[in-house]
Amino acid sequence: MKLKFDPNQQYQLDAINAVVDIFTGQPKDIDGATRHMDQDGQLSLEATIAKGNSLTLDVAQIIENTHKIQEKNDIEKSETKEGDFSFPTNFPLETSEKSLKHGMNFSIEMETGTGKTYVYLRTIHELHQHYGWKKFIIVVPSVAIREGVLKNLAITREHFADLYQNPEMNYYVWDSKKTGQAREFATNDTLQIMVITIDSFAKAANIMNKQSDYGRPLDFIRATNPVVIVDEPQNMETDTRKAAIESLHPLCTLRYSATHKNPYNLLYRLTPVDAYDKHLVKKIEVHSVLSEDSYNDAYVNVVKLERKGKSRIIAHVEVDTSDERGLQRRVVKVSPGDDLAELTGRAVYENYVVERIDFIEQAVEFANSKTVYVGRKDESLREEILKRQIELTIEDHFDKQKQLGTNVKVLSLFFIDKVANYREYTPGGVVKGKFAEWFEEIYQKVAAKPRFAGMLDGLAVEMVHDGYFAKDKIGQWKDSRDTKGEGGRTKDDDSAYNLIMKDKERLLDPNEPLRFIFSHSALREGWDNPNVFTICTLNETSSEMKKRQEIGRGLRLPVDINGERVHDQNTNVLTVVANESYADFSRKLQTEIEQETGISFSGRIKNRDDRRRIRLTKSLALSDDFKELWERIKHKTVYRVAFDVDELVRQATKQLVLVEVVRPQIVDTRVRIEQLGAERGFTVSETPGAGVAANIQKVYVPDILSVLEKRTGLTRAMIFAVLDKADVFGKLARNPQQMIDEAARAINRAKQEVMVDGISYQKTGESYDMCLFENHELEAYLYDAAMKSGAIAVDNPDKTIYDYVTVDSEVEYKFMKALEQAGNIRFYVKLPGWFTIPTPLGSYNPDWAVVFDGDERVYFVAETKGVNKINNSHLSASERGKILAARQHFVEVEVEYVAPVRDLQSALKKCDMKERKW
């Protein structure tokens with residue numbers, strides 16, 4: 001399978017442009033900034049010429065650009081301070097009276113699963129295309145993330161080659177055994193991307209920082225002023241790691257994360273709420289497995305441990321107590337020596353005497369040899385709960401695969417706390433752990449159910465599950481763990497990371513039998529597979545994994561067998577099978593998100609028990625009302641756009657005449673490497689050159705018409721008319737690249753505005769088949785009054801075709817209730833997501849189709865938006881454009897279209913204003 005990438009996702013383009021626009025006005029470096037690393041005749045080697053990145057833009061312009069980006073993205077403007085940016089001594093840029101408080105560090109925040117790595121890899125290509133920069137270093141905190149980046153570089157290479165005219169490019173991991181890599185990085189005049197873990201160069205003892213026969217590797221890298229990209233920068237906030245990044249002498253540092261610790265100069269923010277509400281990640285539902293009603297045996301849940309003074313530790317333990325009110329579950333405080341049988345008044349706690357409270361291990365030891373960890377429940381039905389979790393995971397897996405058919409392969413993921421529960425190594429050989437045995441037994445039981453007939457597809461149960469764990473030197477699986485200090489993972493973890501990163505496409509292939517993955521902490525970061533639909537955590541000890549880490553492995557939108565993203569909201573649901581209540585899980589996840597982002601996630605996590613399958617309540621063939629309505633609205637169309645060139649010129653000119661063009665500078669820098677002796681290596685002295693205004697006669701002027709033809713899609717004649725009216729040619733020589741960038745933006749904005757005005761539709765002769773209603777199963781969660789969305793049970797089944805209607809807002813809720821209650825509404829249907837109309841701004845899915853039965857029967861389509869006027873400021877430009885385009889579609893198919901409207905009364909009034917008889 002080849003994964004495919006959509007280059008037109010607006011939220012990703014916004015994140016990319018936020019970085020590119022920092023440098024608006026920077027001229028393109030055609031020849032590459034050349035720095036002579038002169039060895040002063042002390043060596044027989046020729047002088048080394050480093051091809052680096054050149055920044056000539058005025059500091060004041062960078063500040064202005066940054067503030068414009070932040071204003072556009074509704075982000076608080078960065079603070080400034082007196083003085084320069086504190087650039088490295090070799091940096092080719094003059095000082096300024098003011099600078100950004102955090103210098104050339106820029107942050108981009110993107111929620112997990114939304115394509116953060118794709119965004120920064122594409123940003124590299126955009127910076128290369130716009131400004132000619134060729135040297136980029138991606139700094140990562142761990143082996144896992146490093147392998148993920150390399151995988152993304154591999155699978156996006158062809159995609160980016162198509163988008164950017166196949167630039168000559170090299171990417172590789174820094175290898176301390178190949179010190180010549182640094183020299184090649186510096187001297188190569190093609191696009192260079194080096195991936196390096198922070199611990200490969202953060203210490204003086206690292207090879208990167210040591211002198212060798214070929215010079216110090218770090219000196220070659222810093223001479224290029226690379227653009228440094230930091231992946232997960234919150235893991236690199238120690239003084240040592242920050243100093244290491246600065247030692248690279250970056251032109252700028254771009255910081256990408258979902259959870260920034262310090263969002264320096266934040267440019268773009270896509271929060272968990274944004275991602276969830278815009279359907280950029282899967283929805284989350286929780287399937288809870290509890291034994292709250294079982295009081296026949298001892299139940300112990302260690303909630304937390306607490307220090308009292310310097311020497312006393314107490315434990316907060318949840319138990320089942322007996323008093324005059326009967327049995328009840330409550331939390332008691334215990335110390336060593338306390339007897340739970342006495343505290344609870346129940347004989348089932350005999351021998352549950354607290355023997356030791358271990359604050360380091362976060363555990364309570366009892367006299368009956370039982371040890372209970374914080375966060376773990378010790379109960380008689382513990383194993384039954386774990387087995388039930390496995391059963392629900394397999395059932396959910398089968399249900400999802402049955403729903404999706406053969407078009408999408410479903411994967412499920414089990415997190416376990418120790419390898420021995422899945423695979424044991426005994427003197428007699430390798431044997432299955434209890435989880436593996438339980439899984440195979442339960443899998444066969446579930447597969448035998450009539451509703452899952454054929455789901456096994458002839459696969460042996462041993463083939464559908466496997467484990468991904470770290471391995472020791474003799475190839476045996478072992479528990480992964482973080483090492484102490486800044487070292488990150490153990491070297492033994494590399495085998496697990498390499499395997500799972502490189503098998504991403506294989507796992508998505510339906511011909512690969514593996515469907516269920518058991519793993520340890522190896523999958524906590526750096527790996528995700530888009531087709532994980534169910535996650536189950538089987539812990540027997542305390543779990544330190546955060547909920548966001550846990551669900552993060554399954555949030556990414558799935559792909560089908562052709563590698564295409566699936567955007568069906570009915571499909572995109574991640575089920576978390578938890579051994580805690582829905583309320584507890586939701587509270588913990590919401591708290592984590594709020595603590596990390598400051599934004600409430602309330603109401604967005606759904607209870608699996610509230611999910612409803614929306615069913616057709618009547619045969620479509622027997623419903624004359626629906627058949628008549630469908631005959632009118634079913635037609636497919638294609639649109640054509642006729643440009644009003646004069647209007648396009650006027651709109652683009654209005655924006656271009658206000659552009660202030662900045663004159664670029666030309667700078668030079670000399671780096672001298674001198675030999676200190678045969679054993680002492682080299683020393684480097686760096687001398688910044690002069691910065692002077694560019695001579696206009698020497699400025700390279702590209703073929704602006706050809707460049708803009710590619711970036712706007714307009715003809716050269718139309719582009720010339722725009723530039724001529726805006727008097728662009730007089731400004732062009734001052735800074736060609738800035739003028740090209742500004743012209744492209746202005747023309748594309750103007751083009752979008754005038755496209756809708758000149759749109760017309762024609763029927764294609766094709767139509768939507770009514771059978772699609774039966775073939776596309778719908779599911780939704782019960783209406784949530786707090787979120788003002790969800791499925792509402794239909795009161796009058798004769799008025800529509802479903803037993804539930806889903807709404808996305810309070811406006812839709814009131815509209816649906818009004819349709820139900822209005823006596824003159826004969827029939828209505830909430831149009832499904834697959835019923836779309838093509839527009840220049842993307843596919844459009846109208847809300848409602850209605851049959852009014854008064855003096856005259858009228859069929860109309862309505863769009864509920866909470867406003868009644870198309871020019872209302874609450875409508876986005878995209879929403880407005882789609883509605884205007886849809887009006888022309890419905891003119892062609894001869895159906896009344898009322899949009900936007902905020903209620904049924906407004907819809908009927910708009911039809912009445914069109915001289916309809918009611």
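FYI, side chains are in, hydrogens and waters are out, and symmetry mates aren't considered; it's all heavy atoms of this structure. When a residue number appears, it is its place in the shown sequence, counting from 1.
Ring-centre distance between Tyr268 and Tyr11: not below the 6.0 Å cut-off. Side-chain rings of Phe435 and Tyr422 stay apart, their centers remaining 6.0 Å or farther from each other. Aromatic rings of Tyr264 and His102 (six-membered ring for Trp) have centroids within the 6.0 Å cut-off, being under it. The distance between the ring centers of Tyr276 and Phe601 falls below 6.0 angstrom. For an aromatic pair to be called close, the ring centres must be under 6.0 Å apart, and Phe533 with His397 fails this.
Listed by chain and residue number, Arg548 satisfy the side chain to side chain donor-acceptor pair (under 3.5 Å) test with Glu111 (two or more places apart in sequence, or in another chain). In this structure Phe5 satisfies the ring pair (Phe, Tyr, Trp, His ring centres under 6.0 Å) test together with Tyr118, His159, sequence neighbours excluded. In this structure His128 satisfies the ring pair (Phe, Tyr, Trp, His ring centres under 6.0 Å) test with no other residue, sequence neighbours excluded. Applying the side chain to side chain donor-acceptor pair (under 3.5 Å) rule to Lys2 yields the partners Glu158; only residues at least two apart in sequence or on another chain are considered. Residues satisfying the ring pair (Phe, Tyr, Trp, His ring centres under 6.0 Å) criterion with His287, sequence neighbours excluded, are absent altogether. Ser200 pairs by the side chain to side chain donor-acceptor pair (under 3.5 Å) definition with Thr197, not counting sequence neighbours. By the salt bridge (charged side-chain N to carboxylate O under 4.0 Å, His left out) test, Lys116 is found to be paired with Asp231, Glu232, residues two or more places apart in sequence or in another chain being considered. The side-chain contact (heavy atoms from CB on, under 4.5 Å) search around His279 returns Gln569, not counting sequence neighbours. Checked against side chain to side chain donor-acceptor pair (under 3.5 Å), Gln10 has the following partners two or more places apart in sequence or in another chain: Asp14. For Asp560, there are no salt bridge (charged side-chain N to carboxylate O under 4.0 Å, His left out) partners, not counting sequence neighbours. Shown here are the ring pair (Phe, Tyr, Trp, His ring centres under 6.0 Å) partners of Tyr256, two or more places apart in sequence or in another chain: Tyr120.
Arg255 and Glu109 are not joined by a salt bridge, as no carboxylate oxygen comes within less than 4.0 angstrom of a charged side-chain nitrogen.
Between Lys547 atom NZ and Ile593 atom CD1 the span is 12.5 Å, to the nearest 0.5 Å. For the atom pair CD1 of Ile284 and CG of Leu555, the computed distance is 5.0 Å after rounding to the nearest 0.5 Å.
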Below 3.5 Å, can you tabulate the donor-acceptor pairs from side chains in residues 161-174 to any protein atom, sequence neighbours excluded?
residue	atom	partner	partner atom	Å
Tyr164	OH	Arg122	NE	3.0
Tyr164	OH	Glu126	OE2	2.5
Tyr172	OH	Gln192	OE1	3.0

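Counting heavy atoms from C-beta on, the side chains of Trp133 and Phe23 come closer than 4.5 Å.
By the 6.0 Å contact criterion, CG on Asp74 is open, its count of non-hydrogen atoms from other residues, nucleotides or ligands being 12 or less.
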